[in-house]
Amino acid sequence: MSRLVVLNLANGDLYNGFPAVSAQVWNYGARLPMRCTGCLPAAPEISKLYRSWQLLYEALCSRLCPRIEIEVTDVTNVSQIEFRDLCQQLSNKINIWLNSESFRNIDQRLRTQLDPDEEIRFIIETNDNLLRRIPWHLWKFFEDYPKAEVALSAPEYRQPDDSGKRRYGKVRILAVFGDRTGIDIEKDRMFLSQLSRRVETEFLVEPQPEDLDDRLRQDWDILFFAGHSSSQEQGLIRLNKTESLTLDQLRHALKKAIDRGLQLAIFNSCDGLGLVKSLEELHIPQAIAMREPVPDAIAHAFLKYFLVAFFLEEQSLYASVREARERLQKLEKKYPCATWLPVICQNPATEPFSWQTSRGLRNSLPISTRIQTVLLTSILVTVSIMGVRNLGVLQPLELSAFDYLMSWRPPEKPEPRILIVTVTENDVQNQNPQERRGASISDRSLAKLLEKLQQHQPQAIGLDIYRDFPVEQKYAKLTNYMKQNQRFIAVCEVGGNKDHSGTRPPPGMPKSRLSFSDIPVDPDRVIRRQLLGMTVDPKSFCATDTSFSLRVAEAYLAAKGIQSQRNQDEDLQIGSVVFKKLETDAGGYQQIDARGYQIMLNYRASQVVAQQITLSEILSDRISTQLPNLVKNRIILIGTTAPSFKDYFPTPYTTIRASEEMPGVIIQAHMVSQILSAVLDRRPLLWWLPASGEIIWVWSWSLVGILTGYIRSSLRLVLAGSATIFILCGICFVMLLNGGWMPLVPSVFALVIGLAVMAYMKAEKPG
């Protein structure tokens, strides 16, 4: 989007000065412009210098390009050094004039309002023929603002009729080639023909006046003329070897063309300002012309550079003219002042014609067709991604994304209802190996531990250590404790294959207080799920249907009068909280083994899930004074953290933070904490969308990507795409904080693919 500056020089001339000069600057989104005023003194020397410059230029042109028709002058011998000196004098005088004290207010206000990095359309309103001819681009302002380009305008203008402008198809160009005597028009024709995939061009070569009149009355976006022309008689063009006419003779046809949508006239011919003036009276939106006679080489080069910048590089009209004009500088060694010739004439009441707007308006499909295209594209993208997802291709990426989001969660306080008694490697080594009989804790140590814990009234004690052997007779008290204490819960392992029938429970342990410690493991060995129950396997040594975490949590909650049951949908319900059973394709999973009653494990986002003390700290009475407060009314989980027993598992935090794997008893603590905090604290359980909801979610992000793909600027497209992905990740993270596992990876793919498809379709050459 460009800024607009309008400098009004309607009242005055170079001989008498300009007593009332005003400048207006339109800011983005503003309904009214910033306006400042000043004046300019008389500068008759500019007029004299320009007349001298014009005579020398015409003489040079007649010598370099004999085919250019120029009236005979008294100048017969022209020195290029003398000409360059005259050019410098004219440039200096123009800058001295525009640096006048009376004009400085305008200059300074413009510079405070404008940014050198932004594109600026600088329009000069004047009817003075001499002011329209002087090279305004020599003003130092345009050197300081490299993206500004000057244009001319009549002081009086209006917006042309909008009727007939909304049409579909390619941009249409009527290319008129007049009398070709001494002119090579084939290069111009070749340049225009190369745009056939982007524009539709009709060529009229040396037409008869009536043919041109008929063709002008049709729908055209651009009128192009190459041939002999001059500014005499308000603009004269030579159609063929015998016939010439003024634009006033085409007035009605041109007015019809403008009313039907003609946006731009390009006169790639000599001395075209008179032609433009005739079109200004008809309120044409914009025109491009040459101020003075133009050699063939300059005309061809300008057209080539302009077409490339405007149609192929999709720059704005002003930026395209400035680039094409400045690229003529390399020809000035042979053709002096080539960069002085091209000029834009603009109707300020209209927006400048551009390839982007022309394609958006005329090359776009009807709105209904565009909606159908967007919907069909989004559906195809969604179906493709969901199909690939159902094959399990995206599961590793989705699980990794889930781990990342889990690791970003803010920290939580440790679980206050659990105390973990850990059997460390030192604890193991400090016991008699013969007494341990291969276990991590001996009968003597366990009996002593339970005795110390029991006297402080724990709510429940869970032993997460396999004891598939009988207690020694001398510790009969331990045997009785395990059989009779209703708050003690033991574990065994169910196993799951014919080569491993599980681990036996402690002998004599009642089934009501027996649980299994089996944990579902994902394909990457990471623990993300929790098993609450399963059908009793008659072939397993561990004949129980309840998990360790659930059995322990139920014992704690039962003491508070909260019972578990199956609701009418056969889902587990504890109190008012329903634990939704995991499905084979829940969240990012695809066809996982979901046997048993599984739920997602919402790890407690805490560096330490619950307070921990070691076995030796209790047995040695080092914390005897703190032990009552640590144990009373809590759940006590006893398990080994000794690496030698290899009871360690990777978790989402292991894969992301490169932290150590987590001991089994710590994972069990997370599982127990999840049940307790869900029932007592309303901490969210992890949930996921149904299949239909996931499809709608992914489809909606494909739509977002497709709509983002309509952005024209590559830089803005990349920035918008990146911002949208960031927003999507943020939404999924917020949803996870509330328990929702949203399909992030498929949505990102849908967004990016939708954006890429639309960007590709946008970049395709029309036709």
Side-chain angles (χ1 to χ4, degrees), residues 1-8 24 26 33 119-127 132 149-167 169-176 199-201 216-225 235 247-248 250-268 272-290 306-307 309-311 314-322 324 342-364:
M1 190 176 184
S2 60
R3 298 285 293 276
L4 174 62
V5 178
V6 178
L7 182 66
N8 186 284
Q24 294 177 319
W26 269 262
E119 187 174 312
I120 302 169
R121 294 181 288 135
F122 199 109
I123 299 177
I124 297 173
E125 292 182 348
T126 179
N127 270 331
R132 293 168 74 91
E149 179 65 3
V150 68
L152 303 174
S153 168
E156 296 182 2
Y157 46 81
R158 67 170 175 81
Q159 190 171 10
D161 183 12
D162 286 338
S163 63
K165 288 188 179 180
R166 295 194 65 87
R167 52 180 178 265
K170 297 180 179 180
V171 172
R172 303 190 70 217
I173 299 178
L174 176 61
V176 180
V199 302
E200 178 184 333
T201 306
L216 277 174
R217 295 174 181 272
Q218 299 184 15
D219 294 338
W220 304 105
D221 300 301
I222 299 175
L223 171 64
F224 174 83
F225 176 80
L247 291 194
D248 191 58
L250 293 170
R251 183 180 183 86
H252 297 295
L254 287 168
K255 187 176 185 306
K256 186 70 173 178
I258 294 170
D259 290 342
R260 292 176 67 89
L262 180 64
Q263 294 288 305
L264 173 65
I266 303 175
F267 295 100
N268 203 29
L273 286 178
L275 301 171
V276 170
K277 192 169 185 178
S278 298
L279 290 176
E280 283 181 328
E281 295 174 359
L282 301 176
H283 308 290
I284 190 169
Q286 49 260 314
I288 299 172
M290 299 292 178
F306 172 76
L307 294 178
F310 187 69
F311 284 105
E314 300 186 11
Q315 297 186 44
S316 69
L317 179 72
Y318 281 66
S320 299
V321 170
R322 174 153 185 164
V343 63
I344 304 170
C345 295
Q346 174 74 49
N347 181 343
T350 63
E351 286 296 319
F353 181 67
S354 70
W355 169 244
Q356 292 93 332
T357 56
S358 67
R359 181 164 61 177
L361 180 63
R362 296 174 173 80
N363 286 346
S364 62

Using side-chain heavy atoms (C-beta onward) and a distance below 4.5 Å, is [X] in contact with [Y]?
X: Leu247; Y: Phe225; result: no
X: Val176; Y: Leu216; result: no
X: Val321; Y: Phe310; result: no
X: Gln286; Y: Cys345; result: no
X: Phe306; Y: Ile266; result: yes
X: Asn268; Y: Met290; result: yes
X: Leu273; Y: Leu152; result: yes

Review point. Does a sphere of radius 6.0 Å around CD in Gln218 hold more than 12 heavy atoms from other residues, nucleotides or ligands, not counting ones at 6.0 Å or beyond?
Key: yes
Looking at [X] and [Y], what are the two nearest heavy atoms and their distance?
X: Ile258; Y: His283; result: CG2-O, 4.1 Å
X: Ala154; Y: Asn127; result: CB-OD1, 4.0 Å
X: Phe353; Y: Leu317; result: O-CB, 3.4 Å
X: Pro285; Y: Gln346; result: O-NE2, 3.2 Å

Check your understanding: Would you say the side-chain atoms of Arg132 pair up with the backbone N or O of Thr126, donor to acceptor, closer than 3.5 Å?
Key -> yes
**Study point:** Name of the residue among Glu149, Glu119, Arg121 meeting side-chain contact (heavy atoms from CB on, under 4.5 Å) with Ser316
**Key:** Glu119
**Study point:** Candidates Leu4, Val5, Leu7 - the one meeting side-chain contact (heavy atoms from CB on, under 4.5 Å) with Ile123
**Key:** Leu4
**Study point:** Gln263 and Asp221 side chains, donor-acceptor separation under 3.5 Å
**Key:** no
